[in-house]
Amino acid sequence: MALHIYNSYSRKKELFKSITPGHAGMYVCGPTVSGESHLGHARPYITFDLVFRYLQWKGFKVRYVRNITDAGHFEEEGREAEDKVSKKALLEKLEPMELVQKYSNLFHWAMKKFNNIEPSIEPTATGHIVEQIEMIKKIIREGFAYEVNGSVYFDVKKYARHYDYGKLSGRVIDELMETTRELEGQEEKRDKADFALWKAAAPEHIMRWQSPWGVGFPGWHIECSAMATKYLGARFDIHGGGMDLLFPHHESEIAQSTICNHTAPVNYWMHNNMITINGKKMGKSYNNVIKLTELFSGNHPLLSQPFHPMAIRFFILQSHYRSTLDFSNDALAASDKAFRRLWEAYETLKKLPATAGAPADDEELDEKVKSWLDEFEEFVDDDFSTAKVLASMFEIVPIINSLKDGHISANAISGNTLLYMKNHFRVFLEDIFGLQAISNADDKLLNGLLNLLVQIRKTARGKKDFVLSDSIRDHLQKLGIQLKDEKSGEMSWTIGS
RNA sequence: GGUCCUUUGGCCGAGUGGCUAGGCAAAGCUCUGCAAAAGCUUCUACAGCGGUUCGAAUCCGCUAGGGACCUCCA
């Protein structure tokens, strides 16, 4: 099976075929750096990191572009120009760029914690004002935009006469006009459905640029079109983002780019679903967000403990990206435990001896393991069904542990299958899923100290001095370090709650 | 109001018409000096009603609940 992707545009799973053989271009809507990222933001960036990693593993040379929105968009069209960035800047008495820098840094810090690979290009909106202006000029020349009082609007009605406006988001344009909310200052537009390409800036507006239409700032949708076109071309393979961006953002992107470049911009539209909390979308406007810093520190009334970024990554990979994922402390705690168990089994697997060519004593089991391993790729090929891969891995976990403990004979599984397991677990867990060890056991000092304690405890146990040995174990337990007596007489330890 | 989606065991979640996903929790057992960890076993669910079918969690209809978008939103 080859990679199939669910295309939001056709609403079908489609075989992935890149435009340029061996290469793939992917654009993902990035963060608006006017505030701190929350759990909801983690999902698209982890999801598309997986897509990025998988395409690379499949042999594609991928250019992954993820923008940073630092220009700030108006809160509400037509209202007094209060763009998100400048408004907050006044409140916090910061320069807009200072604010942007702060939250960009914080965002990158969180991405690193999640072990997300950096995009190939991370363009900023403010760095591409020129490109955006050029694009708007072109749309005007094509006759699909008009200027009013220093602002430029896209003529949706005219566009809809020639193209399929609303196809992506499943909207009917006539209904759109009916249902669009009453907003102030709409009289500038010829039609309610029109959207701004460029907005004239009020004098108090901090973020402002010179343009052919006067001083102003770009509309919300144009930055993505301009930057995607610049770095990926008029037509590229994959465009990703949250489902909440389908309309109007992505719908408008299609319209702008289509007029400007005379081609539909994207072959495969991918949209991740929302993370919910108590069944409701986690979002700024609902006032129910849990920030990433709060998750990592456990500093939030809804959280019983800090959660490691890898536990969160695992939590997200355990569901399908197009399903809503309901957050709760219990659900996350369950993922945390599950991930630790899986990872420990993986560490155990790495240490199991394997000799190529050694036969299997238990052919049936051997075959079963092989078929589970074979399925990993099929599952990811099927629109990134990571949850299924993890389920299969958990089928194998007891086998790994049994091999270690001797519940299953060491020769039950063939050497080749063992090598296959070792390789496949590494590839899927680390390379493709981007998971990594939760504890920093490579800390030399810590390692040394713990090994010393383990030695002392071993000696004590040898002398049946259980008071001392239990005391060592209990004290370490209180520090969050768990000692485990192995069947072989060895002791191992793990750090973590 | 319009458009679309969703409802799976105590909780989270995967599910391509026929083959008990998986995780967490819980209970019992094995191992252990005692624990922990690990292993084994148990818990067989698909909102309700009706239909199609030899067969439906999966397809269709109705009813009820929940949600998303239509406005900044990942």
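Proteins come first, then strands; the chains are lettered A, B, ... in the order of their sequence lines, and each starts at number 1.
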When the [atom1] atoms of [N] and [M] are considered, how many whole Å apart are they?
| N | M | atom1 | value |
| --- | --- | --- | --- |
| B/C54 | B/U42 | P | 35 Å |
| B/U6 | B/G61 | P | 13 Å |
| B/U44 | B/C31 | C1' | 29 Å |
| B/C46 | B/A21 | P | 12 Å |
| B/G17 | B/C60 | C1' | 13 Å |
| B/G39 | B/A25 | P | 13 Å |
| B/U53 | B/G13 | C1' | 29 Å |
| B/G55 | B/C19 | P | 14 Å |

Write down the distance between [atom1] ([X]) and [atom2] ([N]), rounded to a whole number of angstrom.
| X | N | atom1 | atom2 | value |
| --- | --- | --- | --- | --- |
| A/Arg171 | B/G1 | CZ | P | 17 Å |
| A/Lys280 | B/C69 | NZ | P | 11 Å |
| A/Leu325 | B/C24 | CG | P | 17 Å |
| A/Asp244 | B/A68 | CG | P | 11 Å |
| A/Leu292 | B/A74 | CG | C1' | 11 Å |

- Query: Are A/Lys281 and A/Tyr286 in a cation-pi setup, meaning NZ or CZ lies under 6.0 angstrom from the ring centre and within 45 degrees of the ring axis?
  - Reply: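 Verdict for A/Tyr286: no cation-pi partner in A/Lys281.
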- Query: Should the pair A/Arg66 and A/Phe48 be classed as cation-pi, given the thresholds of under 6.0 Å to the six-membered ring centre and 45° from the axis?
  - Reply: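 That pair does not qualify as a cation-pi contact.
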For nucleotides 14-21 of chain B, print each protein N/O atom paired with a nucleotide N/O atom at under 3.5 Å, atom names and distance only.
| residue | atom | partner | partner atom | Å |
| --- | --- | --- | --- | --- |
| B/A14 | OP1 | A/His320 | N | 3.0 |
| B/A14 | OP1 | A/Ser323 | OG | 3.2 |

- Task: For A/Met270 and A/Tyr6, run side-chain contact (heavy atoms from CB on, under 4.5 Å): C-alpha distance rounded to whole Å, both residues' side-chain angles, the deciding distance at 0.1 Å, then the answer.
- Result: CA-CA 7 Å; A/Met270 287 183 70; A/Tyr6 180 87; over 6 Å; no
Anything under 30° is parallel, anything over 60° is perpendicular, the rest tilted; go ahead and classify [X] against [Y].
| X | Y | value |
| --- | --- | --- |
| A/Tyr64 | A/Phe52 | tilted |
| A/His221 | A/His249 | tilted |
| A/Phe425 | A/Tyr346 | parallel |
| A/Tyr159 | A/Tyr165 | perpendicular |
| A/Tyr54 | A/Phe384 | perpendicular |

- Query: What base-paired stems does RNA chain B take part in, with at least 3 consecutive Watson-Crick or G-U wobble pairs and both distances under 3.5 Å?
  - Reply: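 When the pairs of RNA chain B are grouped into runs of at least three, the stems are B:1-7 with B:64-70, B:10-12 with B:22-24, B:26-30 with B:38-42, B:47-51 with B:59-63.
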- Item | Under 3.5 Å side-chain donor-acceptor pair for A/Thr293 and A/Glu36 |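 Yes.
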- Message: The test is side-chain hydrogen bond (donor to acceptor under 3.5 Å, both in side chains); show your working for A/His250 and A/His271 and say whether it passes.
- Response: CA-CA 10 Å; A/His250 291 156; A/His271 291 93; 2.8 Å; yes
- If you pin A/Lys281 and A/Ser335 to their nearest nucleotides in RNA chain B, which one's is more 5'?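 It is A/Ser335 whose nearest nucleotide is closer to the 5' end.
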- Task: Name the residue closer to the 5' end of RNA chain B, choosing between A/Asn273 and A/Asp330 according to the nucleotide with the nearest heavy atom.
- Result: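 Result of the comparison: A/Asp330.
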- Task: Looking only at non-hydrogen atoms, find the nearest pair between A/Cys29 and A/Glu253 and report the distance.
- Result: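 Minimum heavy-atom contact is SG-OE2, 4.2 Å.
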- Query: Under 4.0 Å: is that the gap between some side-chain N or O of A/Tyr286 and OP1 or OP2 of B/A68?
  - Reply: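 Yes, because at least one side-chain N or O of A/Tyr286 sits under 4.0 Å from OP1 or OP2 of B/A68.
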- Other residues, nucleotides, ligands: >12 heavy atoms within 6.0 Å of A/Glu118 CD: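 Open.
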- Determine, for nucleotides 26-39 of chain B in 5'-to-3' order, which nucleotides have protein heavy atoms under 4.0 Å from the base (write B), from only the sugar-phosphate (write S), or from neither (write -). -----S-BBBBSSS
